[in-house]
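Notes to accompany the following structure.
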Amino acid sequence: MADAQIANIVNEILRVEAVEEAFSCFLVHKPDQENERLSMYQKKLCAVMTTLSADLQESAIRQYLTLTAVLTNRYKMKQLLTLLENLVNTNILQARMLCDCILTSEKLVYQYADYWIECFNLIRRIIGGVDYKGVREIMKGCREKAHTLPVRLNSSTMPQLKALDNVIEYIFDRNASLLPAYFIVTEIQKDYPDNNHWPHWQLAKLLTSFVESFKPCAQMVSIIGHSHMLPVVEFSGYADHLINPWRLDPTTLKFSLKGNLPYDDELLKPQIALLRHVLQQPYSRDMMCSMLGLQKQHKQRCIALEDQLVELMILPMERSEQENEEDEMSSTHWCWLHLSSQVIYLILIGFASFPNIVMGLHNKLIGHDMKKGRDHLMWVLLQYISGSIQRNPLSNFLPIIKLHEVLYPEKEPLPVPDYAKAHCTHQMAVVCIWMHLLKKAETEHKTMTMPQNLKVQYEFLQHLMTSNSTPTLMGSDYRIALLCNAYSTNQEYYARPMGIIIETLIGTQKALPNGNPATPLPTVPLSMCILDSLTLHCKMSLIHSIVAHVAKLAQNKTNMPGSTMMAPALVETYSRLLVYTEIESLGIKGFINQFLPTVFKSHAWGILHNLLDMFSYRIHHIQPHYRVTLLSNIHSLAAYPQANQTQLQLCFESTALRLITSLGSSGVQLQMSRVVSEPKSLVSSESEELNRVLVLTLARGIAMTGAGSDGAAVKELLTTIMTNTPHMWSQHTLQCFPPVLVEFFAQNPAPKENKQVLKKSVEEEYRKWTSMANDNDIISHFSVPGTPLFLCLLWKMIFETNRINPIAFKILERIGARALSAHLRKFCDYLVFEVTNPAGGHITKCVEAINDIIWKYNIVTIDRLVLCLVLRPNPDANESQVCLYIIQLLLLKGGELRNRVQDFVKENSPEHWKQNNWYEKHLAFHRKYPEKFAPEEASSAYGGPIPVYLSNVCLRFIPVFDIVVHRYLEIPQVSKNLEHLLEHLGHLYKFHDRPVTFLYNTLHYYESKLRDKPLLKRKLVNAVLGSLKDVRPPGWATTEAFQAYLGNTDTDATGWTPDLNYYLSLVNRMVDTMTGNSHFPNTDWRFNEYPNPSAHSLYVTCVELMSLPLAPNFVGNSLLDVATKGFVVIPATKIQLWINAIGLIMAALPDPYWNVLHDRILELITNNEMIEWPYPHTPFQLFNLTTTNEAMLENKYSLTLALAHAVWYHAGAGQIMQVPQFVKEKLSSEIRTEVQLLFLCHLVGPFLQRFNSDLSRAVMDITITLYELLAHIDKAQPHLQYIDPICDLLYHIKYMFVGDTLKNEVESVIRKLRPALQMRLRFITHLNVEQINTA
């Protein structure tokens, strides 16, 4: 119906009388008449169109266009299209609908030249009335039409292209602002990804230059040098919010960048260098999995990871070619050890596939002659094959045959290597692989033959297996290891070599008639060389046998002495096996989740004690979640009635103490999330001391990393602690706490101890004690729970009479070991009160009486007493000093502890993994200084002491000593006394399990206390690092210049001010270590305090910088100068790596060190040049480090930006949150010009993504600040040059982060801006063009 009406109207317009046609040349055309006619038709059309619904309108227009398209008379065609345009202008037709109809009309092809040109001209005229989403569709349609144009244009098709080009150009015109430019760039980038198809060449320039115009916006949101940033791999992995910046896509290994902006090519490439850097670091598994987002539960294969593993295995093969054979422990030795662990882990967990890796190696190695590295490579593959060939089909392992052919082309048999060298196990790895393959083929009934070139080695092994002489395991003889490796999948033969190994650990199990073992238990453990030369499969079966043996011992209920004792050799070997991360599930995980509970259920206290000691003194790297599990186990064990025995309770307490203090600052962050779910696991139900240490560790963690942003978790933990053990803190300790904790303790006060009342009660009890005659009455009165004053009485007894009545021991027995802690707390409070208010100068006598309680009567051990004493709260500062004075007298006055420490340190070495006679030295020490845990007069109900293999009073005292040092540092008046303590007991730090971490934590946490005490700092660093000088090679930690400063003992020698070269060399050491050329001596990272060279380098550098006798801002500025002044001596290609290292170091230092960066930024942004830009180059060029480097331009801006990005990139959660605050409070008030605003955008743009994940409010605050500053500059500056990049960034923020959440806040700002800005920003608040004030 409508279609017919339209057709009639069109025909009427086109109708021509025959007379007109005939006399066309002679007629006079009257335009007025013509116009009247047209307006009549216009009305008719109007009438028809207004009655139609949208769908019918559309089909009517299509009909109209079809009729128009076939006209040959261009004048008539124009007339018809003008009618449509008028309908749009009078709002009868939607512009969007008309454009859509035109673009989809079948006749719109370039061959109909007039129709094509007129249509595009019409679109150009009416597109202003289309909403921005419609314009996006029209732009797509136009680009598709451009594809239909021929590639070769001649004069007949040029006009068509011009008409189309005009439309696209108008859409792209930023001044017209038909749609956000951000949409256009997104569309273009989406349509032509990876440059796989192209727009029409005539449009290419237009599209390219438009995308190019977004380069400045991309630059503002890119981190400078992002692709060169490298992390330091910490042992406990990064917490989730810290891993975000390192995330890569697991299939492409690319960064996930926000938005389709034309980022720099470097950022869009696969970040292979980053992944490879992480993979090469020992202990990087957790970090690597979270970086790639791989989860152990889903066995997802990651091909990119396989490729990198192959590359990493070929690197050391190439390096081995340059090394000489003699050097057994070469640098590649450690590299192979680490690689085998990575490869096995990744294949077992299913992230990589074995056949693919072998084929990858095969394809890369064809045609290379690598004789030296091939044995190591085969050793790595043997590790996996021997462990999994029994569970997988033979076909999975066949690619290894191809690899063997490539690597071992010899025709002659290979000789048998020298079995007195550890290297022989690697040289014979290939024959072992073949033996496993042959065994597997036999079970699958297939035939395989041993290759000719391995015959000699094969016969050697067979002969060794069948001969009767038993090879030894002692010294350097690796034949047993060879047999184990070759036969581990062949049960009938394997039992013999494995049996020999196990026998050396547990001894021959025959007992004499009287029950004593026939031979003493073996004390010499297997050396690390032997363990390293066993394959993974053998180590697993060894660990399995050990666990089974110990579990059997634990269940052994006979009363024969020694029948339930583990052999010292066994304990030491077991602890060495636990360092192999690739056997984690059988190793540390099995140890904590199955083995300990089994031993505990059997009440085998001796075994339990030794296992816990092993955990404390032998195992270095344990993931924090295992520590937490063990800690909660210990808390529940301690409450068991059967375990109420002094020595056991002490063991539980000292193990828990070590576990809590070892949750270093990164551990605390990581664990906060776990704690929330079950705060019970970390908190002890009754030990106030352990809970106090937990609070101290928490305070340190929060203060150092600022990770207390999760306030609810912290509060919940503290509330649990206060419920179990309510307590308060001394003022000097509270002063160092972070605000969260100070606030909590202020809101939850604990009852104060009234010392006067305490003294009265003690005297009252003492009177009863002296007046009671009947022993039974005494026992029943004083062993009643409730008034824990018994230790005060004992002390008073010794003080007054110099002896103890034997009845007292019966009472102590009744009280029991666990309840004695409460008595100890009261005793400490009472003591401090007594000494503070002395009746006569009897302080020495007081201390002698305490010494008797410790050393003469063995009622309390020194470590337990000092721990309790040092943690008591003393509201009065005077009392705190008295308390520390008592501790000093206890430790130094009598020679007991001093002599023990001296002898122990002199005789022993902390490098237990290199020793085989630890047990002998341990016995000798215990013979000289026997430890008793019960009064000698006491009856045997205490049970005999448990024989221990690893611990003694000196080792137990170390964590307590740490806490004592910290308390001394809180009170400035006693720093001299601390120096005495360090002089006499400082050499204990030789046995500290984390000496550098202790220094780092102490210097970091007490930075403000130590700032103006350079001498004390030097004393502390000297004590800790000096104690290790006999054990560690020179150059293991600090630089020579710093060594010289430490060695200078003059009191006034603190005036050392190192020059810039000193800082350059420090950063250079860090850069080299990060890139694989470590400046530090080779060491076994499995037994080191840090998991890899870069982590070690980072922390020793920080310790050195914090120990300098200089103000923090001076040191911080010098570090920044390394880049801003020292760039002249840094190789241009490495500048990014240097900046990354400076960022890492500064982010690991306390705030006053890196806050100088903020001062620098402020200084730069307020300087005159920013206000009157004097340079011929644009700010975007000078803010780009690559540009300023390559063109040698002014680089102070780009270097400062790069440094800021590096420091913030590596910053922890607490540090990064200071940035929005800094912008809001300091920077925004200084910004008055466009260039300053651009500098600010370059500063914060790249971190919006991080703020968004850490604290989304920060993004909103920064966004509002940017709008307000724009409004401010808009008023102040008559001419704005960089409107477009700034608007592009604001759109990026809207579409990537804030959406419409800020619509109302920014609308009022946008309405006040100049028209050009309003036009561009109108889509953010949906302003209409008419509303924009164009005046």
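Since this is a predicted model, take the numbers as computed values, not measurements.
Between the side chains of His732 and Asn874, no donor N or O sits under 3.5 Å from an acceptor N or O. A side-chain donor-acceptor contact under 3.5 Å links Ser951 and Asp613. Using modelled atom types, one finds no donor on one side chain facing an acceptor on the other under 3.5 Å when comparing Glu1104 with Thr1038. Looking at Asn1117 and Tyr1153, their side chains never bring a donor and an acceptor atom within 3.5 Å of each other.
Atom CZ of Phe1087 sits in a crowded spot, with more than 12 heavy atoms from other residues, nucleotides or ligands closer than 6.0 Å. Remark: Lys893 NZ is loosely packed, at most 12 non-hydrogen atoms of other residues, nucleotides or ligands lying under 6.0 Å away.
Judged as a salt bridge (charged side-chain N to carboxylate O under 4.0 Å, His left out), and not counting sequence neighbours, the contacts of Glu1007 are Arg1011. In terms of the salt bridge (charged side-chain N to carboxylate O under 4.0 Å, His left out) criterion, Asp1012 has no residue partners (sequence neighbours excluded). Listed by chain and residue number, Asp532, Asp1084 satisfy the side-chain hydrogen bond (donor to acceptor under 3.5 Å, both in side chains) test with Arg1086 (two or more places apart in sequence, or in another chain). Contacts of Lys976 classified as salt bridge (charged side-chain N to carboxylate O under 4.0 Å, His left out), with partners at least two apart in sequence or in another chain: Glu979. For Glu653, the salt bridge (charged side-chain N to carboxylate O under 4.0 Å, His left out) partners at least two apart in sequence or on another chain are Arg864. Partners of Trp729 under the side-chain hydrogen bond (donor to acceptor under 3.5 Å, both in side chains) rule, at least two apart in sequence or in another chain, are His727.
With hydrogens and angles disregarded, no donor-acceptor distance shorter than 3.5 Å links the side chain of His1079 to the backbone of Trp1036. Between the side chain of Thr1073 and the backbone N or O of Ser1078 there is no donor-acceptor pair closer than 3.5 Å. Side-chain atoms of Asn1088 never come within 3.5 Å of backbone atoms of Pro1091 as a donor-acceptor pair (strictly under, hydrogens ignored).
In this structure, Tyr1062 has its ring center no closer than 6.0 Å to that of Phe1042.
Contact annotation: the side chain of Phe737 never approaches that of Ile702 to less than 4.5 Å [non-hydrogen atoms, C-beta and beyond]. Side-chain contact check for Leu630 versus Arg627: every heavy-atom pair is 4.5 Å or farther apart.
Taking the charged nitrogens against the carboxylate oxygens, Glu983 and Lys1019 do have a contact shorter than 4.0 Å, which makes a salt bridge.
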